[in-house]
Amino acid sequence: MSISRRHFLLFSGTALVTAGASFSIPKTKRQHQILAKTLGTQTDAALSQMHYSTFEALKNQTFQVFTNQGKHFRLQLDQVKDQGQSDLLEQFSLTFRGKKGQSLDQGTYRFEHPHLGQFSLFIVPSGQPNQNTYYQAAFSRLMA
């Protein structure tokens, strides 16, 4: 079953509001690192609890990516870019690098990492043909 970007954003926003009501958001880099280790013990990590510093600590590490057809790929977290933060809003983007000739369409995929566990992430392919394929994921969420 494919999930559209609209449904993904709607679900993510609802999950964030629900999680925000019952979860204290870590404010320091150390708290995010502790959270990343804690999430590694779960089988399905909550993406709403992962922040810029969570992914920054995993830069250059490999993530397993699974398709609905049962195929899997390895993507390396190439870049974690801060797009601006305030007391109310956190914005950042992730850029993953795939191997040359490996191609994933725009969509939501199941990601897995030893420290984070499994989570779903919407990615968009980018880059030049005949080179490594890059994929981006963008985050923009309220910190209330």
Find the distance between [atom1] ([X]) and [atom2] ([Y]) and round it off to the nearest 0.5 Å.
X: Gln118; Y: Gln64; atom1: CD; atom2: CD; answer: 10.5 Å
X: Arg110; Y: Leu121; atom1: CZ; atom2: CG; answer: 11.0 Å
X: Gln91; Y: Leu89; atom1: CD; atom2: CG; answer: 4.0 Å
X: Phe66; Y: Lys71; atom1: CZ; atom2: NZ; answer: 14.5 Å
X: Asp87; Y: Leu142; atom1: CG; atom2: CG; answer: 12.5 Å
X: Lys81; Y: Phe92; atom1: NZ; atom2: CZ; answer: 14.0 Å

Nearest non-hydrogen partners of [X] and [Y], listed with the distance:
X: Thr54; Y: Gln49; result: OG1-O, 4.4 Å
X: Arg141; Y: His51; result: NH2-CA, 3.9 Å
X: Ala137; Y: Phe122; result: CB-O, 3.6 Å
X: Asn60; Y: Asp78; result: OD1-O, 4.3 Å
X: Leu104; Y: Pro125; result: O-CG, 3.7 Å
X: Tyr135; Y: Ser126; result: N-OG, 4.3 Å

Inset, instruction - Give the C-alpha distance, both sets of side-chain angles, the deciding distance and a yes or no for side chain to side chain donor-acceptor pair (under 3.5 Å) between Arg74 and Thr62. - result: CA-CA 6 Å; Arg74 293 177 192 262; Thr62 301; over 6 Å; no

Legend entry - Residues which pass ring pair (Phe, Tyr, Trp, His ring centres under 6.0 Å) with Phe63, listed by chain and number, not counting sequence neighbours: Phe96, His113

Legend entry - Test item: Ile123 and Phe111 side chains (from C-beta on) under 4.5 Å apart, heavy atoms: yes

Legend entry - Passing candidate, side chain to side chain contact (heavy atoms under 4.5 Å, CB included) with Leu94, options Leu58, Leu77, Leu75: Leu77

Inset, instruction - Applying side-chain hydrogen bond (donor to acceptor under 3.5 Å, both in side chains), name anything that partners Ser93, two or more places apart in sequence or on another chain. - result: Gln83

Inset, instruction - Just jot down the side-chain hydrogen bond (donor to acceptor under 3.5 Å, both in side chains) partners of Gln102, sequence neighbours excluded, or say none. - result: none

Inset, instruction - For Gln79 and Arg97, run side chain to side chain contact (heavy atoms under 4.5 Å, CB included): C-alpha distance rounded to whole Å, both residues' side-chain angles, the deciding distance at 0.1 Å, then the answer. - result: CA-CA 9 Å; Gln79 184 179 44; Arg97 181 168 33 97; over 6 Å; no

